[in-house]
Amino acid sequence: QVQLVESGGGLVQAGGSLRLSCAVSGRTFSSYAMGWFRQAPGKEREFVAAISWSGGFTLNAESVKGRFTISRDNAKETAYLQMDSLKPEDTAVYYCAARRSGFTMPSMAAGGYDYWGQGTQVTVSF
């Protein structure tokens, strides 16, 4: 069975940084792209960033370009989201997602992902 476990969320002051981690298990010998999404109260789930299996291709939401960086370390079976220059509007529950085996390129659509983490809360104060 496939499992994604997120960590690294918490409270941070505006302008600060935070790094989220997503540990993947149950996907030995498979190749797949991964992504990060977020959802604030009363709002729909929003695309944040995505990365190819190789790590060579990334997609970023316009709202986070220049501030967030997605990366992955397949040897450690972990994906990351480095968040810098955080703003109060970044406050949301952040979800890690993975595509099906063989889908190696990133997607901006939530429907393009089949496996999801439990979510981790990120709160940015003024």
Side-chain angles (χ1 to χ4, degrees):
Q1 60 185 59
V2 178
Q3 289 190 318
L4 279 64
V5 180
E6 301 156 340
S7 62
L11 280 66
V12 65
Q13 190 174 28
S17 299
L18 208 59
R19 185 164 83 152
L20 306 183
S21 297
C22 176
V24 181
S25 63
R27 304 211 69 177
T28 305
F29 306 124
S30 64
S31 302
Y32 52 91
M34 296 188 69
W36 287 94
F37 292 77
R38 66 187 183 186
Q39 186 168 25
K43 297 182 179 179
E44 296 184 354
R45 188 162 298 188
E46 172 189 28
F47 169 77
V48 176
I51 188 168
S52 66
W53 167 251
S54 69
F57 299 91
T58 60
L59 295 174
N60 295 280
E62 189 67 29
S63 61
V64 306
K65 283 184 177 179
R67 300 190 299 119
F68 291 9
T69 302
I70 187 171
S71 63
R72 68 191 299 165
D73 186 337
N74 292 344
K76 296 182 179 179
E77 298 180 89
T78 304
Y80 307 93
L81 183 66
Q82 177 66 45
M83 304 183 291
D84 298 318
S85 301
L86 283 163
K87 305 174 181 179
E89 50 262 47
D90 292 320
T91 295
V93 175
Y94 283 70
Y95 297 90
C96 177
R99 305 197 75 183
R100 285 185 290 171
S101 180
F103 287 70
T104 61
M105 297 303 292
S107 173
M108 296 176 66
Y113 298 84
D114 294 271
Y115 306 101
W116 295 81
Q118 80 286 355
T120 184
Q121 177 70 48
V122 171
T123 302
V124 184
S125 67
F126 288 93

Ser107 to Ala109 - nearest heavy-atom pair and separation: OG-N, 3.2 Å
Nearest non-hydrogen partners of Arg67 and Leu86, listed with the distance: NH1-CA, 3.9 Å
Partners passing salt bridge (Lys or Arg N to Asp or Glu O under 4.0 Å) against Glu46 (at least two apart in sequence or in another chain): Arg38
Minimum side-chain heavy-atom gap Ile70-Trp36 below 4.5 Å: yes
ILVMFWY cluster, Trp53 and Tyr115 together (side-chain gap under 4.5 Å): yes
Thr104 side, atom OG1; Met34 side, atom CE - distance, nearest 0.5 Å: 14.0 Å
Path from Val2 to Trp116 over hydrophobic side-chain contacts below 4.5 Å: no
Shortest non-hydrogen contact from Ala40 toward Ala92: N-CB, 3.9 Å
Evaluation steps, side-chain contact (heavy atoms from CB on, under 4.5 Å), between Tyr80 and Thr69: CA-CA 8 Å; Tyr80 307 93; Thr69 302; over 6 Å; no
Shared-cluster residues of Phe57, by chain and number - hydrophobic side chains joined below 4.5 Å: Met105
Minimum side-chain heavy-atom gap Arg72-Glu77 below 4.5 Å: no
Aromatic ring proximity, centroids under 6.0 angstrom, Phe37 and Tyr95: no
Heavy atoms from other residues, nucleotides or ligands near CD of Glu44 exceed 12 (cutoff 6.0 Å): no
Minimal non-hydrogen separation, Val48 against Tyr94, with atom names: CG2-CE2, 4.3 Å
Heavy-atom check, side chain of Phe126 versus side chain of Pro88, under 4.5 Å: yes
Verify same cluster id: Tyr32, Tyr113 (apolar side-chain graph, 4.5 Å): no
Anything under 3.5 Å between a donor and an acceptor, one on a side chain of residues 3-11, the other on a protein residue two or more places apart or in another chain? List them.
unit_1	atom_1	unit_2	atom_2	d
Glu6	OE1	Gly119	N	2.4
Glu6	OE1	Thr120	N	3.4
Glu6	OE2	Cys96	N	2.1

Main-chain N/O of Ala61 paired with Ser63 side-chain donor or acceptor, under 3.5 Å: no
Residues that Thr123 engages under side chain to side chain donor-acceptor pair (under 3.5 Å), provided they are two or more places apart: Gln121
Identify every side-chain donor-acceptor pair in residues 15-31 under 3.5 Å, counting partners at least two apart or on other chains, and give the distances.
unit_1	atom_1	unit_2	atom_2	d
Ser17	OG	Asp84	OD1	2.7
Arg27	NH1	Arg99	O	2.6
Arg27	NH2	Arg99	O	3.2
Ser30	OG	Arg27	O	2.6

Any pair counted as salt bridge (Lys or Arg N to Asp or Glu O under 4.0 Å), so long as it reaches residues 112-121, sequence neighbours left out: Arg100-Asp114
Heavy-atom check, side chain of Leu59 versus side chain of Phe47, under 4.5 Å: yes
Non-hydrogen side-chain atoms of Asp90 and Phe68 separated by less than 4.5 Å: yes
